[in-house]
Amino acid sequence: MKRVLFIFLISLALTTPAQACVGRILSIGAVDTPMGRVLAETLALLIVERTGTTVNTSFYPGVTELYQAVTEKKVGILVENAHRGLTVVKAGQITDRNEAYSQAKTAYQANLNLIWMDPFAFINTVDWQEPTTTATVVSLDVMTDFPGLQRLINKLAAKLDDQAYADMTSRARAGDKPAKIARDFLEAKKLI
């Protein structure tokens with residue numbers, strides 16, 4: 001009997017995700033657009049599958065509501081583009097996408113205690129004349145509580161390039177479900 005119990009405990013230990021944070025919940029927020037939903041679902045699925053951590057996603061009608069939720073600590077992770085980020089921190093516009101990312105990263109950390117992860121795509125949108133950098137943004141509290149999260153999110157950034165972003169956008173606009181788009185992408189890139 002002891003041997004069976006021992007084997008069970010060893011097998012349980014080997015199958016439990018190494019970075020699981022039992023009882024801890026992460027909250028991802030996004031503006032309620034097709035791509036906002038896809039990117040939030042992609043992050044949520046990656047975190048759940050790789051760490052076992054519970055993740056809640058919330059969608060907001062606009063930027064104001066999203067950042068209100070961040071201020072109230074209802075959201076600890078979001079996806080943002082550098083040009084809109086500069087608008088949020090009232091830093092003016094910079095046309096060079098790399099410089100815009102760098103300035104947004106610095107301003108967010110100094111003023112909002114939010115950390116920009118590695119960028120994962122350059123996008124053209126109807127809102128901006130120039131391509132803008134997109135990245136995951138994480139609160140300092142979440143970074144402190146989940147120290148392995150940065151490495152995991154940056155693995156996603158390394159795989160989510162312009163072509164993947166364009167493909168996901170096309171599927172979202174065609175009406176594919178965000179969760180399906182996210183799973184297909186993560187499985188194809190061997191991230192889950």
Side-chain angles (χ1 to χ4, degrees), residues 24-49 51 53-93 97 100-101 103-105 107-128 131-146 149-150 152-153 156-157 160 164-166 168-183 185-186:
R24 315 267 309 264
I25 299 174
L26 285 171
S27 297
I28 298 175
V31 175
D32 194 5
T33 64
M35 275 316 293
R37 285 186 173 271
V38 169
L39 294 172
E41 291 288 348
T42 303
L43 279 168
L45 183 58
L46 177 68
I47 293 166
V48 167
E49 291 283 330
T51 72
T53 303
T54 301
V55 178
N56 292 331
T57 54
S58 300
F59 301 99
Y60 298 88
V63 176
T64 302
E65 294 85 357
L66 173 60
Y67 280 91
Q68 182 63 38
V70 170
T71 301
E72 294 170 0
K73 299 191 177 193
K74 293 177 183 174
V75 167
I77 302 173
L78 61 143
V79 176
E80 188 56 276
N81 76 64
H83 285 88
R84 185 170 66 196
L86 289 171
T87 301
V88 168
V89 293
K90 298 176 176 53
Q93 288 305 309
R97 62 189 179 193
Y101 168 80
Q103 291 292 328
K105 182 176 182 175
Y108 268 57
Q109 187 163 354
N111 300 315
L112 302 173
N113 287 326
L114 295 172
I115 312 299
W116 284 63
M117 301 292 101
D118 290 349
F120 55 68
F122 298 113
I123 59 170
N124 290 304
T125 72
V126 296
D127 300 321
W128 310 110
T132 184
T133 309
T134 305
T136 304
V137 180
V138 182
S139 75
L140 191 56
D141 290 343
V142 169
M143 293 291 292
T144 301
D145 292 343
F146 298 86
L149 196 59
Q150 181 171 2
L152 180 62
I153 292 172
L156 173 64
L160 187 49
Y165 189 91
M168 293 169 85
T169 300
S170 177
R171 287 186 63 187
R173 288 182 178 150
D176 286 1
K177 300 225 179 269
K180 171 78 170 131
I181 298 170
R183 181 167 292 281
F185 169 77
L186 292 172

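Along the sequence shown, residues carry numbers from 1.
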Notebook entry, point to check: For Ala107 and Val89, which heavy atoms make the closest approach, and how far apart are they?
Noted result: CB-CG2, 3.7 Å
Check: Can you name the one residue among Thr134, Val137, Leu114, Thr136 that meets side chain to side chain contact (heavy atoms under 4.5 Å, CB included) with Glu80?
Finding: Val137
Notebook entry, point to check: Under 3.5 Å, side chain of Ser170 to main-chain N/O of Ala166, donor-acceptor pair present?
Noted result: no
Checklist line | side-chain contact (heavy atoms from CB on, under 4.5 Å) assessment of Val38 paired with Arg171 | finding: CA-CA 10 Å; Val38 169; Arg171 287 186 63 187; over 6 Å; no
Next item on the list: To the nearest 0.5 angstrom, please state how far the OG1 atom of Thr33 sits from the CG atom of Leu39.
Entry: 8.0 Å
Next item on the list: Could you grab the distance from atom CD1 of Ile28 to atom CD1 of Ile77, nearest 0.5 Å is fine?
Entry: 5.0 Å
Checklist line | Ile153 side, atom CD1; Ile115 side, atom CD1 - distance, nearest 0.5 Å | finding: 11.5 Å
Notebook entry, point to check: Just how far is it from atom CG of Leu66 to atom CZ of Arg84, taken to the nearest 0.5 Å?
Noted result: 7.5 Å
Item checked: side-chain contact (heavy atoms from CB on, under 4.5 Å) between Gln150 and Val138, worked out -> CA-CA 9 Å; Gln150 181 171 2; Val138 182; over 6 Å; no
Check: With distance as the sole test, does Thr133 use its side chain to make a donor-acceptor pair with the main-chain N or O of Arg97 at under 3.5 Å?
Finding: yes
Check: At what distance, to the nearest 0.5 angstrom, does CZ of Phe146 lie from CG of Asp141?
Finding: 11.0 Å
Margin query: Show, in sequence, the C-alpha distance, side-chain angles and deciding distance for Glu49 and Arg183, and conclude whether the salt bridge (charged side-chain N to carboxylate O under 4.0 Å, His left out) test is met.
Written below: CA-CA 10 Å; Glu49 291 283 330; Arg183 181 167 292 281; 3.6 Å; yes
Checklist line | Derivation of the side-chain contact (heavy atoms from CB on, under 4.5 Å) call for Leu26 and Leu149 | finding: CA-CA 11 Å; Leu26 285 171; Leu149 196 59; 4.2 Å; yes
Item checked: Set of ring pair (Phe, Tyr, Trp, His ring centres under 6.0 Å) partners for Phe185, sequence neighbours left out -> none
Checklist line | Heavy-atom closest pair, residues Ala104 and Ala82 | finding: CB-O, 4.1 Å
Notebook entry, point to check: With side chains defined as the heavy atoms from C-beta onward, is the minimum distance between Leu78 and Val31 less than 4.5 Å?
Noted result: no
Item checked: Over all atoms of both residues, closest heavy-atom pair of Met35 and Tyr165 -> CE-CE1, 3.9 Å
Checklist line | Sub-4.5 Å side-chain heavy-atom contact between Glu41 and Lys177 | finding: no
Check: What heavy-atom pair brings Tyr101 and Asp118 nearest, and what distance separates the two atoms?
Finding: OH-CA, 3.8 Å
Notebook entry, point to check: Counting N and O atoms only, with roles assigned by atom type, does the side chain of Gln103 sit under 3.5 Å from a partner on the main chain of Ala100, one being a donor and the other an acceptor?
Noted result: no
Check: Could you give the distance from OG1 (Thr71) to CG (Leu112), rounded to the nearest 0.5 Å?
Finding: 7.5 Å
Checklist line | Which atom of Ala30 lies closest to which atom of Gly36, heavy atoms considered | finding: CB-O, 3.5 Å
Item checked: Tyr60 side chain near Val75 side chain, heavy-atom distance below 4.5 Å -> yes
